[in-house]
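First the structure, in the form of C-alpha cells, and then the observations on it.
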Amino acid sequence: MEPEHPLLRDVFPGLVDELSALLESEGEDGLAVSVRDVRLVGECGCGDDFCQSIRTAEHPRGQPYGPGHRCVPLLPSKGMLVLDVVDDRIMYIEVLDRPPMRRLNVER
Ligand SMILES: [Zn+2]
C-alpha cells in the first residue's frame with residue numbers, strides 16, 4: 001500500500017458506495033469489500049470529456065496487466081463503470097459517460 005494516496009472512499013464516497021452495491025449484485029462479494037479500501041493513485045489523464053477513470057494501483061502505463069487480469073463490467077443507472085482486476089486486486093476503474101463527480105478535499 002502507498003500511504004501517500006488517499007482512500008478512494010474519502011474522495012468519492014458516492015462512487016465507492018455505488019461500486020460496492022453493483023459488485024454485490026454481480027455476486028462479486030470479495031471485490032465489493034475490497035473496493036472500500038482502494039486508494040486513488042491517479043486519474044486517467046487522457047483528457048476526454050466523457051472519461052473520469054481512476055487508477056487505483058501503480059502500474060506502468062501502456063503495459064499489459066498480465067495473466068491474472070480480468071474485466072468486471074457493471075451496470076450502473078448512468079454511464080459505464082468497468083473494473084480492471086488483477087489477481088483480485090482492483091487496478092483501474094473505468095468511469096465513462098458519467099455526470100461529473102464531485103471531489104471531496106482530503107486532509108493529508
Ligand atoms: Zn481517460
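Positions are given from 1 along the sequence.
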Is it true that a side-chain atom of [X] and a backbone atom of [Y] form a donor plus acceptor pair closer than 3.5 Å?
| X | Y | value |
| --- | --- | --- |
| T56 | L40 | no |
| Q52 | P99 | yes |
| S25 | L22 | yes |

Going through the checks in order, is the side chain to side chain contact (heavy atoms under 4.5 Å, CB included) test met by R98 and L15? CA-CA 11 Å; R98 302 261 303 167; L15 176 69; 4.2 Å; yes
Side-chain heavy atoms of E24 within contact of D29, under 4.5 Å: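 Heavy-atom side-chain distance check passes, below 4.5 Å.
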Side chain proximity check, E28 to L74, heavy atoms < 4.5 angstrom: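 No, every pair of side-chain atoms sits at 4.5 Å or beyond.
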Step by step, work out the salt bridge (charged side-chain N to carboxylate O under 4.0 Å, His left out) result for D87 and R70. CA-CA 8 Å; D87 295 332; R70 67 191 176 108; over 6 Å; no
Show, in sequence, the C-alpha distance, side-chain angles and deciding distance for R9 and D37, and conclude whether the salt bridge (charged side-chain N to carboxylate O under 4.0 Å, His left out) test is met. CA-CA 7 Å; R9 66 165 189 260; D37 292 321; 3.2 Å; yes
Are [Y] and [X] connected into the same hydrophobic cluster when the rule is that any two of I, L, V, M, F, W, Y join if their side-chain heavy atoms are below 4.5 Å apart?
| X | Y | value |
| --- | --- | --- |
| Y92 | L19 | no |
| I93 | Y65 | no |
| V72 | L8 | yes |
| L96 | V16 | no |
| M80 | F50 | yes |

Closest approach of R103 to F12 (non-hydrogen atoms, all atoms of both residues):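 Of all heavy-atom pairs spanning R103 and F12, the closest is CA-CE2, 3.5 Å.
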Over all atoms of both residues, closest heavy-atom pair of I90 and A57: O-CB, 4.2 Å
Decide side chain to side chain contact (heavy atoms under 4.5 Å, CB included) for R39 and I54; before the verdict, give the C-alpha distance in whole Å, the side-chain angles of both, and the deciding distance to 0.1 Å. CA-CA 10 Å; R39 290 180 182 270; I54 292 164; over 6 Å; no
Distance (rounded to the nearest 0.5 Å) between H59 NE2 and H69 NE2: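 Between H59 NE2 and H69 NE2, I get 8.5 Å after rounding to 0.5 Å.
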Nearest 0.5 angstrom please: D10 CG to H5 NE2, how far?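 Rounded to the nearest 0.5 Å, the CG-NE2 separation comes out at 14.5 Å.
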Tell me, please, which residues at least two apart from R55 pass side-chain hydrogen bond (donor to acceptor under 3.5 Å, both in side chains). none
Working note: C51 + V95, criterion side chain to side chain contact (heavy atoms under 4.5 Å, CB included); need CA distance, chi angles, decisive distance, verdict. CA-CA 6 Å; C51 176; V95 181; over 6 Å; no
Side chain to side chain contact (heavy atoms under 4.5 Å, CB included) evaluation trace for V11 with L104: CA-CA 5 Å; V11 182; L104 300 186; 5.6 Å; no
Are more than 12 heavy atoms from other residues, nucleotides or ligands located less than 6.0 Å from atom CG of D48?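 Yes, CG of D48 has more than 12 neighbouring heavy atoms, counting only those of other groups under 6.0 Å.
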